[in-house]
Amino acid sequence: MLQARIASIACALCAMSGIGPAVAQELSEREFLAEFPTVLSASRLRQNASETPQPVSVIDQEMIRASGAREFAELFRLVPGFTVSYVTYVKGLQPIVSYHGLGREFFSRLQVMIDGRSINNSTLGGVDWSEFPFTPDDIDRIEVVRGPSNATHGIGAFLATINFITKHALQERGAQASISVGDSGIRDGAVRFGGGSEGFDYRLVAGHREDAGFADVTDSRRRNFASARADWRVGPSDTLMLQAGATNGENAVGTNPLIDPRRDAQLSTSYAQVKWDHSFDPGNNIYVQAYYYYFSLTDLYSISLPQLSDGSLAVIDSGSLARRADLEIQQNLDAGANLRWVWGASVREDRTEVPSLYAGARPLNVQRLFGHVEWRVADDWLANIGAMIENNSLTGTDVAPQLALNWQLTPDQTLRFNVTRALRTPTVIENQGQFAVGAPGTPRAGPSGDLLPENVISREISYVAQWPEQHATLDVKLFDDNVRNLIDLIGTRDNPGATFPKNAVNGDSAREIGIEGQFVWRPTTATLLSLSAAYLNIDSDDNLDNYSRSAPRTTLHLLASHRFADTWDASVNIHHQGAFRASGYSEPQRALWRVDTRVAKQFPFARGEGEVAASIENLFDERYTEYRHDDIASRRVWLTFSFRTPR
Amino acid sequence: MKRFTLRGPVAAAPRCVAFVAAVVLCLLSAPVSAQVLAVLSDDSAGYKAVVDELRAGLQPLRDGSVPVESRRIDSVVAARVADIDAARWSSYELVVTVGLAAAQATTPRLNALPGAPPLLCLLIPRQGFLKLPLPESAARRASAVFIDQPLSRQLDLLRLALPERLRVGVILGPSSKELGDELRGEASKRGLAIASAPVSERADIYPVLQTLIPESDLLLLLPDPVAINADTVYGLLLTTYRAGVPVIGFSEGLLNAGALVSLFSTAQQQGRQGADIARRVLAHEGALPAAQYPRYFSVRVNASVARSLGLHVPPQEELQTALSARAIEAVPGEADQAAPRRQP
């Protein structure tokens, strides 16, 4: 009786506030007549593989798990044309991911984004692959656009674009924890909590990653990280996504006791992002996004130099600082059944400080305007026409257009023709770096400041086939890409006689011709097969660097995974790549075969769900070298225990 | 309806022309007493649309081809049912309720009246109709056109639209859980497997989806105010879409929000079927038929979602034609509740 009264009072209160259980619990016609705001609006709908202007490889949660990858960069071995490698260099151990070569220890001409937020480091243009403030479990999917796509993916989308899409805060509820322990000092742990109510959902992640890097090399890494994501339905047609996160830790560096002593370099990053999305109707929505990214490397040390006869120590500052602020607006608009527009604009400011290379560099300001239209010319012809106009404070204004025609041969087969021009704006260091190599006090000189953006003209024909009833897809791409105005430093390793100071110039070009493809097949819901293969020929005069050998001529990757008895997961990755020598300071890397494997078992645990997984990277202990001859790969084994509360 | 709304303000207007016009209208309408009373759950557009369609459907009777005098429909909102006295109730030849609340307000009044007019419930869920307090005598004089689609039709649609997808995920809330057994029976006849998950409160839906999605090739939504509502639809459509699992809805609202296909009857279609029945009753041509599922319905496909998911769904017209050609099997239990009227 009392309970009933309390319930009725509660209901009355709820009725006054217009929320909660006061909404009728009895089925009435209102359920049938209710209008809902558009959830799957144009900006949330991804293009089907047969309608994209370029090949897009998708790495989904199942593939992420089956890959067994502990390192984010490792995931890109699955994607045809990609090469993953490691270097122990000024910032310590760094993964290097490149597509069609031309990459060096600092950067590889790729655009990498997390939820639409560019994380390329504005000093050198590379990606801080160790600075992700979450774990692979937080990723919903990764979309990899294989080819230049400034018109659709913006600034820096030069050879390829990677977009990490993290899980929506609704996708994981409850608490989770995992811990990994293994060879080479692997000690990882993470906790996660997801919750929410009344249209406000959030997820919090915090963790630690640690390993000892390569054996007998000073390159251990330790990171703490934390991040939060909230998805808030502000109103029937408005959503707000809020994200913030930070990483902090050390990389061990030091290759030579005299001039590069062993020490810990401190790295920290942080970011904040807000994205507001408004739907006018199912075919018309707009978003505004702002983000800020901060990166700092603190690496201050002293060395004794013979030139300093008084015995005092020279202080070297190898640190750097980068700050990026970016504001973007985009509208997706369906104009009739056969025409879909996307247009937008963004402004960005990159501020950097690299005391060893320059003092007080000017910030890089970039404005861009982009638009493209997807026009269904006929039932079986789809045209994607777009362009980006970029204006930046260093190289001025330039245009990157794109034209793609998709011809649907049958409902499940598409032939695509694509011509694209794309740009890569020089980084702040390329533009303003004052390279002084030698004793402190050596005069510095900067580049003449007349650098042009690099550009690529890409021509490709690709074929997409889908077998929906078999859950299989195939994409094959034939390409002929002309990369021009490649920027490099005069006087690199291959030209040791050059006099310092060095200078960055537009001094080389490369023509890349090849074929690559990927076949993904899910014969049953428990089985996944993914096969990627690529053949690439790079033709270059190699004036400034060994571009023509900067990627393996052939790569091959097979991923097979199967779920047994509903509680066991087993997967194997077989990877092959030909010999190559990356640009920059790389040493030759020989051809290799590598096998990785993972076995996991799920079981009920403490009324929740537990999982134990054993991962073995490089099962047969292939001793191949990475960028440097002392970075020698070896077998690594780790065990992961994870637990999630009852859902 | 229009005449009622005109009379007040126009009569009060000072201009003589308007006054004269109003008088003429009153004279025209005065001799004919209304023969149908429409009781609406409320006066929002959806309910009015049913009455408009009902009125339009009764219009041809004025042509003289059918020997029935012109029909007038009085409309009241359910809240005002108490104001209608017994004599006025008895003056109608047919009472049509639009919406569940209208039926619930009207039923006790008619039960208390000897010789009450027959009752036709429109825009009412089957479940709500079966729960109306209709005594045996009144039940014989009550019928309905359900707003829900028969499960057989919904499952036929799945087979036609997505023939490769055989594992049907269903969330069963407090209202829809009673359909579980019938659904499984109908599904097995069609070679479909049902993966169902119970939900007793709103907050359960996300954990339930996390386990249901991997077991489902598609998700069939069954109306339920706890499982499917403005709070849950957002997350439901987003998480299923991200998993590549298409959603089959039961309303136009769900289709616009992001369901791949929806099967539903519009307010107009309900009114049209109501008019078909009302015409026969008023013309004394036949008995009040048994409560029935919608004969008129719409199938709509969300082309953008289909393209994005890479699904080749047949055109909506083709689906609709194929479904319309199929007879609806009688559902057990209905005959007792809503037997046809035996006497004119």
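Here is the naming used below: chain letters follow the sequence lines, and residue numbers restart at 1 for every chain.
Leu40(A) and Leu237(B) get closest at one heavy-atom pair: CD2-O, 4.1 Å. When all heavy atoms of Ala257(B) and Pro37(A) are compared, the closest pair comes out as CB-O, 3.4 Å. In plain terms, the two heavy atoms of Thr166(A) and Arg242(B) that are nearest each other are O-NH1, 3.1 Å. When every heavy atom of Ser304(B) is checked against every heavy atom of Asp334(A), the shortest pair comes out as OG-OD2, 4.4 Å. Thr239(B) and Gln171(A) make their closest contact through CG2-CG, 3.7 Å (heavy atoms, listed as atom of the first residue, atom of the second, distance).
Between chain B and the options Asp231(A), Leu33(A), Asp140(A), heavy-atom pairs under 4.5 Å are most frequent for Asp140(A). Contact count versus chain B (heavy atoms, under 4.5 Å) is highest, among Asp412(A), Ile165(A), Asp201(A), for Asp412(A). Residue with the most contacts toward chain B among Arg340(A), Glu51(A), Gln61(A), Glu35(A): Glu51(A) (heavy-atom pairs, distance under 4.5 Å). Comparing Val98(B), Asp148(B), Ile228(B) by how many heavy-atom pairs each has under 4.5 Å with chain A, the most go to Asp148(B). The most heavy-atom pairs under 4.5 Å with chain A, out of Arg165(B), Glu201(B), Gln104(B), come from Gln104(B). Contact tally against chain B (heavy-atom pairs below 4.5 Å) for Pro468(A), Ala337(A), Ala34(A), Pro411(A): the top residue is Pro411(A). The candidate with the highest count of non-hydrogen atom pairs below 4.5 Å against chain A, out of Gly253(B), Ser41(B), Gly99(B), is Gly253(B). Highest contact tally toward chain A, considering only Pro125(B), Ser175(B), Ser251(B), is held by Pro125(B) [criterion: heavy-atom pairs under 4.5 Å].
Aromatic ring centres of Phe32(A) and Phe250(B) lie closer together than 6.0 Å.
Here Arg159(B) pairs with nothing under the salt bridge (Lys or Arg N to Asp or Glu O under 4.0 Å) rule; sequence neighbours left out.
Evaluation of the ring pair (Phe, Tyr, Trp, His ring centres under 6.0 Å) test over residues 160-179 of chain B, restricted to residues two or more places apart or in two chains, returns none.
Taking NZ from Lys131(B) and CD from Glu26(A), the interatomic distance works out to 7.0 Å, rounded to the nearest 0.5 Å. From Glu172(A), atom CD reaches atom CD of Gln210(B) across 5.0 Å, with rounding to the nearest 0.5 Å. A distance of 8.0 Å separates CG of Asp217(B) from OG1 of Thr525(A), quoted to the nearest 0.5 Å. Rounded to the nearest 0.5 Å, atoms OG (Ser50(A)) and CZ (Arg307(B)) are 9.0 Å apart. Summarising the geometry, atom OH belonging to Tyr234(B) is positioned 4.5 Å from atom OG1 belonging to Thr239(A); distances are rounded to the nearest 0.5 Å. The structure places CG of Asp224(B) at 7.0 Å from CG of Leu27(A), a figure rounded to the nearest 0.5 Å.
Counting only heavy atoms from C-beta outward, the side chains of Asn229(B) and Glu31(A) never approach each other to under 4.5 Å. Contact of the Tyr241(B) side chain with the Val39(A) side chain is not registered, since no non-hydrogen atoms from C-beta on lie closer than 4.5 Å. In this structure, the side chains of Phe36(A) and Asn256(B) stay at 4.5 Å or more apart for every pair of heavy atoms.
At a threshold of 4.0 Å, the pair Arg30(A)-Asp42(B) counts as salt-bridged, since one of the basic side-chain nitrogens sits closer than that to a carboxylate oxygen.
With a 4.5 Å cut-off on non-hydrogen atoms, Leu254(B) touches chain A through its backbone and its side chain both.
Judged purely by atom type and a 3.5 angstrom limit, Arg233(A) uses its side chain to pair as donor or acceptor with the backbone of Asp231(B). Using a distance-only test at 3.5 Å, with no hydrogens or angles considered, a donor-acceptor pair links the side chain of Ser308(B) to the main chain of Arg46(A).
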task = Show your working on side chain to side chain contact (heavy atoms under 4.5 Å, CB included) between Gln270(B) and Glu29(A) and close with a plain yes or no.
result = CA-CA 11 Å; Gln270(B) 287 271 306; Glu29(A) 71 284 359; over 6 Å; no
query = Can Leu309(B) and Asn48(A) be said to form a side chain to side chain contact (heavy atoms under 4.5 Å, CB included), step by step?
reply = CA-CA 6 Å; Leu309(B) 291 174; Asn48(A) 183 255; over 6 Å; no
request  = Could you go through the side-chain hydrogen bond (donor to acceptor under 3.5 Å, both in side chains) check for Gln470(A) and Glu164(B) one step at a time?
outcome  = CA-CA 10 Å; Gln470(A) 310 291 330; Glu164(B) 311 295 336; over 6 Å; no
